[in-house]
Amino acid sequence: MGSGRHDDVAAPDLSLGDDLRAFVDASPSPSHAAAEITRRLREGGFRELSETAVWDLSPGDQVFTVRGASVVAVRVGSDPVAEAGLRIIGAHTDSPTFRVRPRHDVRQAGYRLVGVEPYGGGLWHTWLDRELTVAGRLALRGGTTTLVKLPGAPLRLPSLAIHLDRSVREGLTLDPQRHLQPVWGSELSTEPGLLEALAAEAGVSAADVVGHDLVLADTQPAARAGVDGTWIAAPRLDDLACCHSGLLALLRVSAETLAGVSAETRHTQVLVCNDHEEVGSGSASGARGSFLEDVISRLAGSEPQAFARTIAASKLVSADMAHAVHPTRSERHEPSHQPVLGGGPVLKLNANQAYATDAVSGGWFTERCQEAGVPVQHFVSRADLPCGSTIGPLTATRLGLSTVDVGAPQLAMHAARELASAVDVPLMVDAFRGCLAV
Ligand SMILES: [Zn+2]
């Protein structure tokens, strides 16, 4: 019996799942996620273009540009985009967390606290009693920025002991203004303040820090989980897992083309990872902002009808995590639509257009999965439950792109630690590779 594994059953390949864990650990804030994406793009032969520069692109060029904590990467195909269109994978770099306030030095009850504001719709109780830190970017005098993350686990949101509030048995109520302000020391401590600590960590002078985008982050590394170790327990899987799969698909297509394994595609391939999805995408770098549209106009060129023709010939795969059926709350799923961990990409549909998938875009994605030998699962909300949404309908509404909403199955979405399956990572990459290549 030995390990209990039958010899004729191949062990699942967990290497891409392990790579996803490394990607999540390298991305404690949206700014870090954007930096990790661009680091890997550079390694894969992509070069950065500034939004302030004039772009002059040729077939085969591999470029990316950054706005805030959003990234757009482009592989230019052999034909003009107005004729061949774009194949776009879209995901988001942000996750529910807490943002550090401008005047964050709070002192009360003999403690030093860090004033924060909730960001997005988190399951905030899951942040209690965890080892937390602060990560993000500092704006420096002169207009530059630098990434920073405090080492160790300096911050904490301690629960209130049950002896001091028996009513918690009826359900925990947390007031974010009063109860969700992390503590990081005693008022007697003579340690410097948060900005001084961050400046020292970043190797800059605190006097040169003129602004910040800082969030709280769980410090426990992402881990293998489950009886066979094929699950991934990690923070921010929504939506770093889709950023990661989209990025790996683009880099794989690039490597295959450069090695001559596959021919250059006619169409141009695009990966867009937007910030601010969790707060409605309404920002300069969010999906309701102009970032993707501005890049597409540059790719389309100045001919009057080029932009409209490009949009009409293009396809967007909006990639955002999906809800796997819950082990003890399966009644919250529509009985005929219960995606499972490890079952492959989830196609999301909603009659009221909370998802942008229609017959043509969903069918196109399904065909790409069939060609790649990847199974497809389906998600719809129960008719008596409201449906979440994502960047797909927003981008489809703004640009008129044919869009399909998909995601990898996961549990505990918006908890401090979420759960997904490493088995789905290569399936998502294969599906996205097919979408970029065809
Ligand atoms: Zn998401």
Side-chain angles (χ1 to χ4, degrees), residues 20 23-24 27-34 36-37 68-71 88-99 118-124 126 215 217-218 222 232 234-247 271-283 285-289 291-292 316-324 326 339 341 345-350 353-357 377 379-381 385-397 403-421 424-425 428 431-432:
L20 168 58
F23 182 82
V24 170
S27 308
S29 75
S31 302
H32 284 82
E36 176 65 9
I37 291 165
S70 300
V71 181
I88 310 169
I89 310 255
H92 65 90
T93 55
D94 63 321
S95 305
T97 179
F98 298 86
R99 284 181 65 106
Y119 173 90
L123 290 169
W124 301 130
T126 62
V215 295
D218 184 82
I232 298 172
R236 304 179 294 279
L237 289 171
D238 171 20
D239 190 28
L240 292 182
C242 288
C243 291
H244 176 260
S245 292
L247 176 64
L271 173 70
V272 52
C273 296
N274 280 120
D275 195 5
H276 298 145
E277 191 274 345
E278 299 293 355
V279 291
S281 296
S283 75
S285 55
R288 284 165 63 197
F291 191 28
L292 179 61
L316 168 68
V317 179
S318 158
D320 200 357
M321 296 298 273
H323 302 297
H326 191 277
L341 296 177
V346 180
L347 192 55
K348 305 186 216 174
L349 297 105
N350 179 253
Q353 299 300 299
Y355 299 126
T357 308
Q377 313 190 77
F379 178 82
V380 299
S381 279
L385 286 179
C387 185
S389 192
T390 177
I391 60 170
L394 300 174
T395 311
T397 304
T403 301
V404 56
D405 272 302
V406 305
Q410 73 159 97
L411 291 168
M413 190 179 287
H414 289 193
R417 306 268 302 177
E418 303 173 329
L419 192 69
S421 171
D424 288 315
V425 183
M428 293 291 287
F432 291 164

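Counting from 1, the numbers follow the sequence of the chain as shown. Atoms within a ligand are numbered from 1 in the order they appear, just like the ligands themselves.
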Any N/O/S atom, backbone or side chain, of [X] lying under 2.8 Å from the Zn ion (ligand 1)?
X	answer
Asp239	no
Cys242	no
Glu278	no

Anything under 30° is parallel, anything over 60° is perpendicular, the rest tilted; go ahead and classify Trp124 against Phe98.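 Correct class here is tilted.
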Check: His414/Asp238 side-chain N/O donor and acceptor closer than 3.5 Å: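 Judged by distance alone, the side chains do pair up.
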Rounded to the nearest 0.5 Å, how far apart are [atom1] of [X] and [atom2] of [Y]?
X	Y	atom1	atom2	value
Leu240	Asp94	CG	CG	9.0 Å
Asp239	Asn274	CG	CG	10.5 Å
Met413	Leu419	CE	CG	12.0 Å

Return the name of the atom in Asp320, of element N, O or S, nearest to the Zn ion (ligand 1).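 Asp320's closest N, O or S atom to the Zn ion (ligand 1) is named OD1.
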Please name the atom of Asp238, limited to N, O or S, that comes nearest to the Zn ion (ligand 1).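 Sorting the N, O and S atoms of Asp238 by distance to the Zn ion (ligand 1) puts OD1 first.
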